[in-house]
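Everything below concerns the one structure shown next.
Residue indices begin at 1 and follow the sequence shown.
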Amino acid sequence: MKNIINFRMAAVLASCTILSACADGDLPYSDSTSISSPAYSHSAVFQNMTTLAVWGNNESGQLGNGTTTSAATPKRLRLGFATYSSGVATGASHTLAIARFDNVSGVRAWGSNSAGQIGRDPATVPTSSTPVKIGGFGGAVQQVAAGGLHSLALAGGTVWAWGSNSAGQLALNPISSATRFAPRQVEAAKLPITPTAIVAGGSHSIAYTSTEAYAWGNNASGQLGNGTTLSSHMPQKVQLPSSITIRKISAGGSHSLALDSTGKIWAWGNNAYGQLGNGTTANQSTPVQLTPPAGVTGFIDVFAGPSHSVAVASNFTVYAWGFNTLGLLSVGTTGDQLSPAQVRDASNVPFTDVERVVLLGSFFTIVKKNGSGGMWAWGYNGYGQLGDGTTSNRTAPVQVLLP
């Protein structure tokens with residue numbers, strides 16, 4: 001594990017964020033004057049139907065290449081099965097991919113299996129450095145989502161969950177530390193919508209359509225958005241305005257963000273570092289609208305990370321807010337950023353021509369530029385997760401050296 005430097009860091013990556021103690025199965029982070037952060041420190045992106053590019057931390061085999069050697073330069077991972085550009089998800093220390101065989105889509109998983117999140121009994125398979133098959137979804141899988149210690153799949157309008165249920169994130173009762181390594185369907189009686197998308201946070205889950213969203217699991221910071229701070233194994237309706245059309249929802253360590261069809265961003269949950277972007281550090285148990293910076297008429301993408309947030313404006317510039325010790329947001333400051341600030345390049349001019357956010361991990365960001373502009377990254381790089389061939393932290397964007 002790699003230390004960034006001595007600086008304050010609360011447990012921002014999972015459900016132990018503000019709880020007095022972590023339940024068995026939660027990520028083992030605690031208040032400290034130094035940080036060792038192996039979680040959320042690897043990257044996996046689609047290259048073509050049979051190949052991913054993978055890099056960063058590989059201590060648990062989460063790069064899927066048969067080794068546990070971390071990589072600062074992206075390497076090709078030839079899957080041996082077909083997948084999709086939207087069919088790859090990275091969790092704290094595991095990876096999921098939709099796998100297509102004989103016109104049926106299932107799931108392959110690899111990396112840490114400490115809570116059964118790759119679909120095997122952790123007593124016999126604590127990790128896997130190569131993809132293992134997960135089946136039993138009753139239909140073709142359209143989407144996967146990887147959380148801290150749990151995994152989700154969307155198949156035929158039904159949600160399936162496995163891994164840790166320590167805060168109810170699998171929608172199973174009773175809430176317990178027992179692992180569930182076989183996918184279980186979230187019962188239709190609990191989830192009164194036919195979701196079109198799913199996301200997984202540190203220890204909470206969200207399923208949504210264009211008009212409604214339901215969340216379950218850890219709610220200690222209000223990340224379920226239902227007006228309470230009571231964790232729940234029963235899906236709770238997120239109190240977004242009924243008038244909006246939901247374009248995207250992203251779940252972070254313990255906060256959540258939504259983008260509507262008019263380009264507005266809504267935020268709720270943990271705000272200890274300003275990751276909600278509303279100018280305060282007060283948690284919010286119901287969604288609040290983010291005030292866009294001057295000159296920004298709307299946003300086209302948004303992404304919630306473990307403790308920071310990033311959005312792409314309609315003019316293809318990038319804004320970031322939240323945890324910013326060492327200036328890892330690349331906004332020209334070094335303190336926590338409580339409202340959106342424009343990301344700047346090494347020449348201190350606005351970083352432009354960005355199409356979308358690819359990935360947010362522990363104190364790092366990866367985005368894709370328009371056209372053939374490639375992928376760019378900045379932030380913490382102790383495991384090589386920026387993919388620039390080094391392990392040096394970056395306070396300005398550098399190009400990812402894709403194979």
Side-chain angles (χ1 to χ4, degrees), residues 1-5 7 35 37-47 51-58 62-63 69-77 88 90 95 301-313 315-337 340-403:
M1 295 191 292
K2 309 293 182 68
N3 289 332
I4 297 181
I5 195 170
F7 66 94
I35 180 170
S37 183
Y40 297 103
S41 57
H42 73 291
S43 306
V45 299
F46 175 89
Q47 286 207 297
T51 306
L52 304 181
V54 295
W55 66 97
N57 186 13
N58 197 31
Q62 58 263 53
L63 301 188
T69 302
S70 299
T73 302
K75 307 294 184 183
R76 286 191 177 95
L77 175 63
V88 181
T90 55
T95 307
D301 196 18
V302 70
F303 212 113
S307 56
H308 74 292
S309 305
V310 175
V312 181
N315 63 356
F316 305 112
T317 57
V318 186
Y319 288 81
W321 58 99
F323 193 89
N324 190 38
T325 295
L326 301 181
L328 299 179
L329 292 185
S330 186
V331 296
T333 65
T334 56
D336 290 346
Q337 186 65 42
Q342 196 168 54
V343 172
R344 296 180 172 273
D345 66 16
S347 300
N348 199 34
V349 298
F351 190 60
T352 62
D353 200 31
V354 173
E355 172 189 306
R356 62 185 174 89
V357 185
V358 175
L359 177 68
L360 264 61
S362 291
F363 328 115
F364 75 97
T365 301
I366 300 176
V367 301
K368 182 184 182 301
K369 283 204 168 193
N370 285 304
S372 59
M375 292 185 185
W376 294 71
W378 60 91
Y380 175 50
N381 197 29
Y383 294 88
Q385 57 264 54
L386 301 189
D388 68 339
T390 79
T391 54
S392 299
N393 297 341
R394 302 294 186 178
T395 56
V398 293
Q399 189 157 14
V400 178
L401 303 176
L402 291 172

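Under the side chain to side chain contact (heavy atoms under 4.5 Å, CB included) criterion, Pro403 pairs with Gln47, Ala53, Pro74, Arg76, not counting sequence neighbours. Applying the side chain to side chain contact (heavy atoms under 4.5 Å, CB included) criterion to Ala377, with sequence neighbours excluded, gives Ile366, Leu386, Val400. Remark: Ser330 engages no residue in a side-chain hydrogen bond (donor to acceptor under 3.5 Å, both in side chains) (not counting sequence neighbours). In this view, Asp388 and Asn381, Thr390, Arg394 satisfy the side-chain hydrogen bond (donor to acceptor under 3.5 Å, both in side chains) rule, not counting sequence neighbours. For Asp345, there are no side-chain hydrogen bond (donor to acceptor under 3.5 Å, both in side chains) partners at least two apart in sequence or on another chain. When the ring pair (Phe, Tyr, Trp, His ring centres under 6.0 Å) test is applied to Trp376, the partners found at least two apart in sequence or on another chain are Phe351. A search for side-chain hydrogen bond (donor to acceptor under 3.5 Å, both in side chains) contacts involving Asn58 returns Asn65, Thr67, not counting sequence neighbours. Judged as a side chain to side chain contact (heavy atoms under 4.5 Å, CB included), and not counting sequence neighbours, the contacts of Ala304 are Ser250, His255, Leu257.
Remark: Leu63 CG to Ser43 OG distance equals 8.5 Å, nearest 0.5 Å. Rounded to the nearest 0.5 Å, atoms OG1 (Thr391) and OH (Tyr380) are 9.0 Å apart. Put simply, CD on Gln385 and OG1 on Thr365 are 11.0 Å apart, with the number rounded to the nearest 0.5 Å. To the nearest 0.5 Å, atom NE2 of residue His308 and atom CG of residue Asp336 are 12.0 Å apart. Once rounded to the nearest 0.5 Å, the distance linking OG1 of Thr334 with CG of Leu328 reads 10.0 Å. Rounding to the nearest 0.5 angstrom, the gap separating the CZ atom in Phe364 from the OG atom in Ser41 is 7.0 Å.
Counting only residues at least two apart or in different chains, salt bridge (Lys or Arg N to Asp or Glu O under 4.0 Å) contacts with residues 322-333 are absent. Residue pairs satisfying the salt bridge (Lys or Arg N to Asp or Glu O under 4.0 Å) criterion with at least one member in residues 318-335, sequence neighbours excluded, are absent. Pairs of residues two or more places apart, or lying in two chains, that qualify as salt bridge (Lys or Arg N to Asp or Glu O under 4.0 Å) and include a residue from residues 358-386 are Glu355-Lys368.
Taking 4.5 Å as the limit, some side-chain heavy atom of Asn370 sits within range of a side-chain heavy atom of Phe316. Looking at heavy atoms from C-beta onward, Leu326 lies out of side-chain contact with Thr395 at the 4.5 angstrom threshold. The shortest distance between side-chain heavy atoms of Phe303 and Ser309 does not fall below 4.5 Å. Contact of the Val331 side chain with the Gln342 side chain is not registered, since no non-hydrogen atoms from C-beta on lie closer than 4.5 Å. Contact check for Trp378 versus Val367: side-chain heavy atoms found under the 4.5 Å cut-off. Looking at heavy atoms from C-beta onward, Asn57 lies in side-chain contact with Gln62 at the 4.5 angstrom threshold. The side-chain heavy atoms of Val310 and Val318, taken from C-beta on, include a pair separated by under 4.5 Å.
Side chain of Asp353 to main chain of Gly373: no donor-acceptor pair is present (N/O by atom type, distance under 3.5 Å, no hydrogens or angles). Between the side chain of Ser362 and the main chain of Ala39, a donor-acceptor pair closer than 3.5 Å is present. Judged by distance alone, with hydrogens and angles left aside, the side-chain atoms of Asn324 form a donor-acceptor pair with the main-chain N or O of Gly335 at under 3.5 Å.
Between Val45 and the options Leu402, Val54, Leu52, a side chain to side chain contact (heavy atoms under 4.5 Å, CB included) holds for only Leu402.
Scanning all heavy atoms of the two residues, the minimum distance from Val88 to Ala44 falls at CG1-O, 4.0 Å.
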Would Leu77 and Thr51 satisfy side-chain contact (heavy atoms from CB on, under 4.5 Å), going step by step from the backbone distance to the final call? CA-CA 6 Å; Leu77 175 63; Thr51 306; 5.8 Å; no
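When only modelled atom types and interatomic distance are considered, Ser70 and His42 share no side-chain donor-acceptor pair under 3.5 Å.
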